[in-house]
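Notes follow once the structure below has been shown.
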Amino acid sequence: MGASMSMGVFGAAGLCAYIWGPSILDTVLGESPDRSHPAFITFLLVMVPGIVIGAVGGVAGVLVPLFSPRYPLHGCTLVLFAWVRDKYACFRPPNLEHH
């Protein structure tokens with residue numbers, strides 16, 4: 001999911017480089033950014049929705065099909081999660097209701 005979120009940052013930088021030229025990445029969006037330049041404002045306005053769309057797309061593209069009953073390996077996924085749950089059961093707090 002981190003890779004799909006970083007595509008929002010790279011996409012915003014690429015859009016700014018396309019509009020204002022590649023030198024904008026070193027001058028305006030560089031180490032000491034010029035916050036009054038339109039490229040910086042465009043970068044921020046495109047980057048934030050790009051990160052949100054990337055996060056939603058990452059969750060929808062990986063987790064939703066993984067837990068979907070139509071997914072061909074759905075049973076294997078449930079067995080894997082049950083195995084991990086049982087393997088690391090010693091890290092759960094004890095059940096104090098059964099004394």
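Along the sequence shown, residues carry numbers from 1.
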- Task: Begin from the C-alpha positions of I51 and V9 and carry the test side chain to side chain contact (heavy atoms under 4.5 Å, CB included) through to its verdict.
- Result: CA-CA 7 Å; I51 289 174; V9 178; 3.8 Å; yes
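- I53 and L44 fall into different hydrophobic clusters, defined by Ile, Leu, Val, Met, Phe, Trp and Tyr side-chain heavy atoms under 4.5 Å apart, directly or through other members.
- Looking at every heavy atom in both residues, I41 comes nearest to R35 through CG1-O, 4.1 Å.
- Separation of atoms CE (M47) and CE (M7) is listed at 14.5 Å; rounding is to 0.5 Å.
- A pairwise comparison of heavy atoms in A13 and L25 identifies O-CD2, 3.7 Å as the closest pair.
- Across every non-hydrogen atom of A39 and C16, the tightest pair is O-SG, 3.3 Å.
- Distance check: W20 CH2 to L29 CG gives 9.0 Å after rounding to the nearest 0.5 Å.
- Under the 4.5 Å side-chain heavy-atom criterion for Ile, Leu, Val, Met, Phe, Trp and Tyr, V48 and V56 are members of distinct hydrophobic clusters.
- Atom CD of E31 and atom CG of D26 lie 10.5 Å apart (nearest 0.5 Å).
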- Query: Run the side chain to side chain contact (heavy atoms under 4.5 Å, CB included) check on F43 and V28 step by step: do they pass?
  - Reply: CA-CA 10 Å; F43 175 73; V28 175; over 6 Å; no
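- Nearest heavy atoms, S4 versus G58: OG-CA, 3.9 Å.
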